[in-house]
Amino acid sequence: MNLAEQGDAFAAFWQERHLCTLATARSDGPPHVVPVGATLDLAAGVARVITSGSSRKARLIGTAGALVALCQVDGRRWSTLEGRAVLRTEREQVAEAERRYAARYKRPRANPSRVVVEIQVTRVLGNV
């Protein structure tokens, strides 16, 4: 998906400092929704969330990946990104996600068990 086609307001909204929510599905069906910091790579069509490999969200995504929704809201402006999430554990992937997180939020604390939830965006909803 070419996220650049969503326009300048969309791109700016995903660069502003906002907390997001990540929704995954529990094995018995109900959603598991947690607050996260997220970054969006418009050119690649990929959103990233850094987390601990032992976190519930990482376990729900697992090695097979999972369908997820990533949402951020600011008053009347909101955007939801849907797609398939996979976990990335490669040091280079983690370092890149940390760099992007630091640019949007602040430098993340050290976490030797950090992984990256990488979401290939397939659908965009919102009012931006």
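Being a predicted model, the structure only gives us computed values, none of them experimental. Note that the numbering runs from 1 along the sequence shown for the chain.
- Looking at Arg59, its side chain does come within 3.5 Å of a backbone N or O of Ser54 through a donor-acceptor pair.
- Between Glu96 and Arg88 there is no salt bridge, since no side-chain N of the basic residue sits under 4.0 Å from a carboxylate O of the acidic one.
- Clustering ILVMFWY residues whenever any of their side-chain heavy atoms sit less than 4.5 angstrom apart, transitively, puts Val116 in a cluster other than the one holding Ile61.
- The shortest distance between side-chain heavy atoms of Arg104 and His18 falls below 4.5 Å.
- Under the salt bridge (Lys or Arg N to Asp or Glu O under 4.0 Å) test applied with Glu98, the options Arg107, Arg109, Arg91 reduce to a single match, Arg91.
- With hydrogens and angles ignored, the 3.5 Å screen pairs a side-chain donor or acceptor of Gln72 with a backbone N or O of Phe13.
- A heavy-atom distance below 4.5 Å is not found between the side chains of Val68 and Lys57.
- Proximity of Tyr101 to Arg48: side-chain heavy atoms (C-beta onward) are nowhere separated by under 4.5 Å.
- Using a 4.5 Å heavy-atom cutoff, the side chains of Trp14 and Leu81 are in contact.
- The side-chain heavy atoms of Pro108 and Arg114, taken from C-beta on, include a pair separated by under 4.5 Å.
- In Arg26, the CZ atom is crowded: over 12 heavy atoms of neighbouring residues, nucleotides or ligands sit closer than 6.0 Å.
- Residues Leu3 and Val86 fall into different hydrophobic clusters, defined by Ile, Leu, Val, Met, Phe, Trp and Tyr side chains chained together at heavy-atom separations under 4.5 Å.
- Cluster membership for Val117 and Met1, using ILVMFWY side-chain heavy atoms within less than 4.5 angstrom, is shared.
- In this structure, Arg84 and Thr122 have side chains that are not in contact, with every pair of non-hydrogen atoms separated by 4.5 Å or more.
- Side-chain contact between Arg100 and Asp41 is present, with heavy atoms from C-beta onward closer than 4.5 Å.
- A distance of 8.5 Å separates CD1 of Ile50 from OG1 of Thr39, quoted to the nearest 0.5 Å.
- When hydrophobic clusters are built by joining Ile, Leu, Val, Met, Phe, Trp and Tyr residues whose side-chain heavy atoms come closer than 4.5 Å, directly or via intermediates, Leu60 is not grouped with Leu70.
- Transitive grouping of hydrophobic side chains (ILVMFWY, heavy atoms separated by less than 4.5 Å) brings Ile119 and Val128 into a common cluster.
- Taking 4.5 Å as the limit, every side-chain heavy atom of Val115 sits out of range of all side-chain heavy atoms of Ser113.
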